[in-house]
Amino acid sequence: MGAFLQEHCTQAVDWIWSRATGAGLKEKPRVGLILGSGLGGLVAGATPAVVIPYTEIPRFPRSTVAGHTGRLIIGRIAGTSIVAMQGRVHFYEGYDIDQVVFPIRVMGALGVSQLIITNAAGGINTSFAPGDLMAITGHINLMSVDPLRGSSVAPGEKYVSNPYCPELLRITTQASVGLGLSLREGVYAAYMGPSYETPAEIRFLRNMGADAVGMSTAPEALVAAALGIPVLGISCITNMAAGVLEKRLCHSEVMEVADQVAERFSKLLGAVLARMDK
Ligand code: HPA
């Protein structure tokens, strides 16, 4: 990270921390969460919570997408101290990649030691159905951008080639079994967006070994990995990808299904948080 970015990050972290301590919070967050649309209910139960709109945080990017609220929440869920992003920014919104991953650098500087990334995704694997949850085992980054470009590390140095942590995957599977919820596993392909993929691109992605496709997560996971933060990624399959069904894709369907799944998704995340290292 360049000196300029480092300075912005320190500015944001100092501001957030003074707001949190001013509100009586003493504990540094251990787990970072990026919550996609519909998952606000999970953090509604956080205690004690400090809620900060992104617009108030110096240098923090603002989400422009419907369904992405744009608030940072610091508190405790299921006995684990967390900092949660309710809503994220995407590369397709026109931000520089440094801005897209800025919140991850901030979470890292706040002291998080594990990161949970959630997203909405289109199902490429034809055995999936809308409403399924998929734990990410690996990603294929097709966003034509690497957020680590220009950072002062040699290729491979301080860099984990697969950010998705097997141990976090294991506790997530255990949590899903404990709750009697079904959980898929698979590979997430990251597309730049904002256009949805064409049916031809989806056939190409399936042949490459992708199970789901979305427009986020890979940059955030790569930066977390470079910071030494293990990642758990969970996709909510909100629709079947283009061409799988004879149906047009639309963002309102994505949000509708995300809302329907939210309760089940929140339960799973709560059970995962309860099992994480305290
Ligand atoms: N494609 C890309 N991103 C998505 C999709 C999709 O089908 N559904 C939700 N996010």
Side-chain angles (χ1 to χ4, degrees), residues 34 36-37 65 88-93 95 97 100-101 104 115-149 155-156 159-170 172-173 176 182-226 230-251 253-254 257-258 261 265:
I34 304 178
S37 47
V65 184
R88 60 148 63 78
V89 298
H90 305 80
F91 192 48
Y92 69 71
E93 291 174 71
Y95 288 107
I97 198 66
V100 172
V101 297
I104 308 302
L115 178 67
I116 302 177
I117 307 180
T118 68
N119 61 45
I124 294 176
N125 185 324
T126 53
S127 76
F128 289 2
D132 280 352
L133 295 175
M134 182 192 89
I136 301 176
T137 54
H139 74 222
I140 302 174
N141 184 9
L142 296 166
M143 291 175 92
S144 306
V145 66
D146 187 326
L148 300 177
R149 178 173 175 267
Y159 176 80
V160 182
S161 79
N162 188 5
Y164 307 95
C165 169
E167 176 58 15
L168 290 178
L169 191 63
R170 195 182 61 78
T172 306
T173 306
S176 72
S182 90
L183 179 70
R184 309 287 198 154
E185 282 185 12
V187 171
Y188 175 88
Y191 240 62
M192 188 196 302
S195 307
Y196 282 123
E197 308 70 36
T198 65
E201 287 168 329
I202 294 301
R203 285 194 296 277
F204 160 76
L205 292 175
R206 185 177 299 117
N207 288 334
M208 274 179 129
D211 296 289
V213 61
M215 302 172 190
S216 67
T217 302
E220 292 112 313
L222 289 170
V223 169
V231 175
L232 169 66
I234 308 180
S235 295
C236 170
I237 306 297
T238 49
N239 57 281
M240 292 314 288
V244 177
L245 306 172
E246 304 262 320
K247 222 175 137 191
R248 223 172 149 254
L249 305 188
C250 63
H251 187 58
E253 182 197 351
V254 167
V257 175
V261 178
F265 206 166

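Reckoned from all heavy atoms, side chains included, excluding hydrogens, waters and symmetry mates.
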4.5 Å side-chain heavy-atom contact, T173 and R170: no

Test applied, side chain to side chain contact (heavy atoms under 4.5 Å, CB included); reference residue, V231; option that passes from I117, I116, T217: I117

Side chains of V254 and Y196 in contact at under 4.5 Å (non-hydrogen atoms): yes

Heavy-atom check, side chain of V213 versus side chain of I202, under 4.5 Å: yes

Side chain to side chain contact (heavy atoms under 4.5 Å, CB included) partner of M134, chosen from D132, I136, T137: I136

Contact summary for S216 and A190, nearest pair of heavy atoms: O-CB, 3.8 Å

Heavy-atom closest pair, residues G36 and T118: N-OG1, 2.9 Å

Distance, nearest 0.5 Å, that separates OG of S195 from CG of L249: 11.5 Å

Side chain to side chain contact (heavy atoms under 4.5 Å, CB included) evaluation trace for V257 with N239: CA-CA 8 Å; V257 175; N239 57 281; over 6 Å; no

Minimum side-chain heavy-atom gap M192-V145 below 4.5 Å: no

Side-chain heavy atoms of Y164 within contact of H139, under 4.5 Å: yes

Shortest non-hydrogen contact from P194 toward M215: O-CE, 3.6 Å

Distance, nearest 0.5 Å, that separates CG of L232 from OG1 of T172: 4.0 Å

Student check: side-chain heavy atoms of E185 and L169 closer than 4.5 Å: yes

Heavy-atom side-chain proximity of M143 to P219 below 4.5 angstrom: yes

Which atom of I104 lies closest to which atom of I34, heavy atoms considered: CD1-CD1, 3.5 Å

I234 CD1 to F265 CZ distance, which is reported to the nearest 0.5 Å: 5.0 Å

Heavy-atom check, side chain of F128 versus side chain of V244, under 4.5 Å: no

Test log, rule side chain to side chain contact (heavy atoms under 4.5 Å, CB included), inputs S235 and R184: CA-CA 9 Å; S235 295; R184 309 287 198 154; over 6 Å; no

Closest non-hydrogen atom pair between L142 and Y191, with its separation: CD1-CE1, 3.9 Å

M240 side, atom CE; E246 side, atom CD - distance, nearest 0.5 Å: 13.5 Å

Heavy-atom pair with the smallest gap, counting every atom of V101 and P147: CG1-CB, 3.9 Å

